[in-house]
Amino acid sequence: MPELPEVEVVRLGLERGVVGRTIAAVDVHHPRAVRRHEAGAQDFADLLVGRRVEAARRRGKYLWLPLDSGDAVTGHLGMSGQLLVVPPDKPAETHLRIRLGFADRGRELRFIDQRTFGGLQVVAGGAELPSTIRHIARDPLDPEFDDELFVGRLRAKTTGVKRALLDQTLVSGIGNIYADEVLWRVGLHGGRATEAVTRPKARELLAHAREVLAESLAQGGTSFDALYVSTEGVSGLFAHSLSAYGRAGQPCPRCSTPIRREVFMNRSSASCPRCQPRPRHPR
DNA sequence: ACCCACCCCTGGGCGC
DNA sequence: TGCGCCCAGGGGTGGG
């Protein structure tokens, strides 16, 4: 469950569902899901049992739960990860990877991940900002996001605008869906050279990013299927509001020209040929 | 110090 | 039915 709105929906669910509770049992069903925890699954479990969850935080697409030990459980959902808060007697999901039970014997936290690109780890002293996430930039909805720093860094790059939007060390939370939506809204082709984006255009880009992320969050995020759901298993509704992503061949909502599909960075991109003309020298 | 191609996985959908 | 492709919202890494 990938991009900012979807991950934020999960964070809100964790805030409601697990904060203030004490972890009593940890089952790691698949070692790959804790591969970033170098000391192994047993150490992962030992650091969690008996610990109280103090908060649920997010930086970009990363989540973490500060613990009363001062450590933090850090998680990334990758392409197909889910964090669900479910009754303990609910049958195990096919791709259940990690299970956290609580001392109150109430609903448990399950990490489910078909492709296991995601995973959890415990980071020592990571309550404030886990060391493994320090390289991730703030997201456009973060009150401390520095707009002019972003504008300057974007223009200092020598790459395409879409690549820059997907660079989590420049601005976080934006993935393939929202990059395409932002570019459609601002009327730029993703291959446009970053160094040629004017300051006003860069600010406009940022404003559109804020807008689309906030609109999607208000709709509970984008869900094409049951893979992308809240901790309660609820799907978001923003898929109905997408203008470009996943709409190849369908009319542009602004000018009715059929949306085009292109591949770069080994990923598909959807854009309007008329509203987002291809640059002469794409990046 | 960049930037980019590649890799890590599983499963659904498609054409043959 | 089955096989072989292609595709999917992620990030880290190693080489250029």
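Keep in mind that what you see is a predicted model, and the values were worked out from it rather than measured. These values consider heavy atoms only, across backbone and side chains, with no hydrogens, waters or symmetry-generated copies. So that the names make sense, note that chain A is the first sequence line, chain B the second, and so on, each numbered from 1.
- Spacing between B:dA1 and C:dG11 at atom P, rounded to whole Å, works out to 23 Å.
- Going from atom CD of A:E181 over to atom P of C:dG9 covers 12 Å, rounded to whole Å.
- Side-chain N/O atoms of A:K157 include none lying less than 4.0 angstrom from OP1 or OP2 on B:dC2.
- Remark: A:R97 fails to qualify as a cation-pi partner of A:F111 under the 6.0 Å distance and 45° angle criteria applied to the six-membered ring.
- The side chain of A:R32 approaches B:dC8 more closely than any other nucleotide in the set C:dG9, B:dC3, B:dC8.
- Under 3.5 Å, the side chain of A:R115 and the base of C:dA8 form at least one donor-acceptor pair of N or O atoms.
- Across the strands present, B:dA1 finds no partner; the criterion is a Watson-Crick or G-U wobble pair with both atom distances under 3.5 angstrom.
- Here A:H76 reaches the OP1 or OP2 of C:dG11: one of its side-chain N or O atoms lies under 4.0 Å away.
- Out of C:dG10, C:dG9, C:dG12, the shortest distance to the side chain of A:F224 is found at C:dG9.
- Residue A:S268 has a polar side-chain atom (N or O) positioned under 4.0 Å from OP1 or OP2 of C:dA8.
- Side-chain N/O atoms of A:T159 include one lying less than 4.0 angstrom from OP1 or OP2 on B:dC4.
- A sub-4.0 Å separation between OP1 or OP2 of C:dG10 and a side-chain N or O of A:Q168 is absent.
- Between C:dC7 and A:R261, a contact under 4.0 Å exists linking OP1 or OP2 to a side-chain N or O.
- Proximity of A:R283 to the phosphate of B:dC3: no side-chain N or O atom is located under 4.0 Å from OP1 or OP2.
- A sub-4.0 Å separation between OP1 or OP2 of B:dC3 and a side-chain N or O of A:T158 is present.
- Residue A:Q82 is tested with A:D113, A:V10, A:V229 for a side chain to side chain contact (heavy atoms under 4.5 Å, CB included); the sole match is A:V229.
- Taking only side-chain nitrogens and oxygens, A:Y245 comes nearer than 4.0 Å to OP1 or OP2 of C:dG9.
- Across C:dG12, C:dG10, C:dG9, the shortest atom-to-atom separation from the side chain of A:R267 is found for C:dG10.
- Seen from the ring of A:W64, A:R11 does not count as a face-on cation partner, given the 6.0 Å and 45° thresholds.
- Taking the 5.5 Å centre cut-off and the 30° plane limit, the aromatic side chain of A:F117 is classed as stacked on B:dC8.
- Between A:H135 and C:dG11 there is no side-chain N or O to OP1 or OP2 distance below 4.0 Å.
- Not one side-chain nitrogen or oxygen of A:Y178 sits closer than 4.0 Å to the OP1 or OP2 atom of C:dG10.
- OP1 or OP2 of B:dG11 sits under 4.0 Å from a side-chain N or O of A:H95.
- Between A:Y62 and A:H76, the ring-plane angle classifies as perpendicular under the 30° and 60° cut-offs.
- Of all the heavy atoms in A:K162 and A:N176, the pair that sits closest is NZ-OD1, 2.7 Å.
- Using the Watson-Crick or G-U wobble rule with both distances under 3.5 Å, B:dC6 pairs with C:dG12.
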